[in-house]
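Every chain is numbered from 1, with letters handed out A, B, ... down the list of sequences. Predicted, not measured: the structure shown is a model, and the values here were computed from it.
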Amino acid sequence: MLAGGIRPDTIVYNSLLDGLLKARKLDDACNLFEKMVSEGTRASTHSFNSLIHGLFKNSRPVAGFVLFRELKKKKGTFVDGISYSIVITELCREGQVEEALELVKEMDERGFVVDLATVSSLLIGFHKSKRLDLTERLMKIVRYGSIVPSVIQWKESMEAAMRSPPDKGKDYTPLFPFTGSLDDVYNLISFKSDQGIDGACLNQEEAKDEWSPSPHLDKLAKIADSVDKFGTPFTVHRGKRVHGLGYKTFDVDMVNTYLSIFLSKGKLSIACKLFEIFATLRREKEANSYTYNSFMSSFVKKGYLRETWAVLHEMGEKLCSRDIATYSIIIQGLGKLGEAEVASSVLEQLSKKGGYLDIVMYNTLINALGKGGRTEEATKLFNQMVASGVNPDVVTFNTLIEVNAKAGRVKEAYKFLRKMLFLGLSPNHVTDKVLDNLEKAIEKQRSNQATNSEKIDSKET
DNA sequence: GTAGGGTTAG
């Protein structure tokens with residue numbers, strides 16, 4: 001019950017519920033949901049969709065699937081096209097594409113539209129599990145709505161365009177020209193300190209609004225659309241979702257989907273070709289932060305740091321706003337450069353600026369510190385993260401187990417594994433891989449100990 | 001007025 005005896009309605013509860021789940025506060029979300037039910041506020045399809053998606057995001061996939069199955073059994077409308085889309089996406093992420101396709105069939109039969117978001121997930125899933133043949137089957141299954149044929153047409157016109165690209169023989173390098181040095185990179189990521197937006201923020205903050213329900217939220221709102229030293233807008237929001245415009249438009253959302261497909265396979269040159277065609281055609285939609293983040297992330301993974309900073313530079317030129325993901329990638333890049341200190345300070349600055357640090361940011365820096373051999377500092381950051389109320393997830397634990405195992409700190413690695421299981425987080429396929437490596441680390445330690453004791457033995461005799 | 005895809009660990 002809120003102050004003043006006003007009872008929150010379903011929409012208020014849904015918003016809170018979704019916020020808690022996105023902030024990975026699963027327990028709080030469950031408590032809130034129970035409160036909502038006990039107060040007699042009706043849960044809507046929206047509420048359940050948030051819950052299912054939240055369970056997936058909070059490493060409780062089985063619970064999510066079970067909830068979906070139970071809701072389908074109930075009389076009345078508890079599931080809709082979005083529910084199906086959420087579950088299909090999760091199945092695709094887990095590589096269960098056949099099962100995903102079964103659900104597509106079911107949703108279509110029930111009259112729910114298989115829309116662009118759903119098809120995007122499916123296409124990425126098909127490519128990931130090397131089941132391109134399923135695209136044909138998808139086309140045959142879907143009768144309701146017309147997005148699938150138009151996606152196929154889109155793909156065909158993209159491939160036709162790629163066969164005769166405007167600039168043949170170019171590789172990725174000239175696409176994002178940047179000849180700067182590391183110093184310029186620091187400039188790209190530094191924030192205004194004393195004057196300008198930050199200063200203005202502080203001044204405004206001094207004149208506090210007594211009636212404001214939350215000074216913290218006010219501060220967030222003020223910095224949300226501020227501009228950093230380079231003139232690049234910084235937003236605490238993620239890139240906005242836009243709807244597809246049809247196959248003729250070569251729209252940025254489909255480009256982003258295919259960039260993701262090409263980049264995940266390491267096909268950088270094809271991805272760049274696609275981007276080049278897109279940029280040359282200059283359709284009504286510009287590249288957005290998803291587009292640039294995809295490239296940066298891929299360049300970082302390949303170790304092409306110069307190109308990474310070049311993309312960052314271009315984002316600035318295009319006044320494309322950087323979001324949380326952009327900063328995670330920057331931190332990742334700095335980690336690769338062995339600049340863990342700078343990476344830490346970027347996080348610190350962001351935290352000072354808005355106080356909003358998301359779990360991925362923490363995970364990325366923990367990874368950067370760990371890979372840089374700073375295992376202690378990684379653990380420290382983990383503790384700091386927990387202390388500030390951010391719940392660690394499977395990624396956090398996988399990372400910590402991995403870096404500790406690699407550093408030969410077997411005990412620590414096991415400590416994190418136990419902690420993860422204690423928190424009720426289910427291990428995933430990455431955990432399996434990481435644990436295999438841990439086994440190897442133990443083997444190595446054993447054989448080292450054996451040779452050492454042999455040495456001692458031989459000394460003694 | 002609230003929910004889903006495409007960027008962030010391996």
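The number of heavy atoms from other shown groups lying within 6.0 Å of CD (A/Glu376) does not exceed 12. Taking a 6.0 Å sphere around CG of A/Asp27, one finds it holds 12 or fewer heavy atoms contributed by other residues, nucleotides or ligands. The neighbour count for A/Lys25 NZ, taken as heavy atoms of other residues, nucleotides or ligands under 6.0 Å away, is above 12.
No contact: A/Asp436 has no heavy atom under 4.0 Å from any strand.
Taking only distance into account, the side chain of A/Asp115 never meets the base of B/dG5 through a donor-acceptor pair shorter than 3.5 Å. One can find a donor-acceptor pair under 3.5 Å joining the base of B/dG4 and the side-chain atoms of A/Thr118. A/Ser85 contributes a side-chain N or O that forms a donor-acceptor pair with the base of B/dG4 under 3.5 Å. Not a single donor-acceptor pair, N or O on each side, falls under 3.5 Å between the base of B/dA9 and the side chain of A/Asn363.
Atom CE in A/Met158 sits about 14 Å away from atom C1' in B/dG6, given to the nearest Å. A straight line from NE2 of A/His53 to C1' of B/dG5 spans 9 Å, rounded to a whole angstrom. Here B/dG10 presents its P atom at 16 Å from CZ of A/Phe416, a figure rounded to the nearest Å. In this structure, CD1 of A/Ile329 is placed 6 Å from P of B/dT8, rounded to the nearest angstrom. Counting to the nearest Å, the C1' atom of B/dA3 and the CD atom of A/Glu90 are 16 Å from each other. Rounded to whole Å, atom C1' of B/dG6 lies 17 Å from atom NZ of A/Lys155. Distance NZ (A/Lys302) to P (B/dT7): 16 Å, rounded to an integer number of Å. If you take CG of A/Asp80 and P of B/dT2, they are 15 Å apart, rounded to a whole angstrom.
Tested against A/Ser120, the residues A/Thr257, A/Asp115, A/Asn256, A/Thr89 include a single side chain to side chain donor-acceptor pair (under 3.5 Å) partner, A/Thr257.
The shortest distance between the side-chain N/O atoms of A/Ser260 and the OP1/OP2 oxygens of B/dT7 is below 4.0 Å. For B/dG6, the OP1/OP2 oxygens have no side-chain nitrogen or oxygen of A/Asn293 closer than 4.0 Å. An OP1 or OP2 oxygen of B/dG10 is reached within less than 4.0 angstrom by no side-chain nitrogen or oxygen of A/Lys301. Taking side-chain N and O atoms only, A/Arg93 has a distance below 4.0 Å to OP1 or OP2 of B/dG5. Contact annotation: A/Ser120 side-chain N/O to B/dG6 OP1/OP2 distance is not under 4.0 Å.
Out of B/dT8, B/dA9, B/dT2, the shortest distance to the side chain of A/Ser328 is found at B/dT8. Side-chain atoms of A/Lys22 lie closest to B/dG4 of the nucleotides B/dG6, B/dG4, B/dT2. Among the nucleotides B/dA9, B/dT2, B/dG4, the one closest to the side chain of A/Ala117 is B/dG4. You'll find that the side chain of A/Val430 is closest to B/dA9, out of B/dA3, B/dG5, B/dA9. The nucleotide whose nearest atom lies closest to any side-chain atom of A/Val395 is, among B/dA9, B/dA3, B/dT8, B/dA9. Relative to the side chain of A/Asn288, the nucleotides B/dG6, B/dA3, B/dT7 differ in distance, and B/dG6 lies closest. Distances were taken from every side-chain heavy atom of A/Thr399 (C-beta onward) to each of B/dG5, B/dG1, B/dA9; the shortest belongs to B/dA9. Looking at the side chain of A/Asp18, the nearest of the listed nucleotides B/dA3, B/dG4, B/dT8 is B/dA3. Nearest nucleotide to the A/Ile124 side chain, out of B/dT7, B/dG6, B/dT2: B/dG6. Among B/dT2, B/dG4, B/dA9, the nucleotide with an atom closest to any side-chain atom of A/Ile86 is B/dG4.
Aromatic rings of A/Phe65 and A/Phe56 (six-membered ring for Trp) have centroids within the 6.0 Å cut-off, being under it.
Using a 30° and 60° split on the angle between ring planes, A/Phe416 and A/Phe397 fall in the tilted class, from 30° to 60°. Relative ring orientation between A/Phe112 and A/Tyr84 is described as tilted, the plane-to-plane angle lying within the 30° to 60° band.
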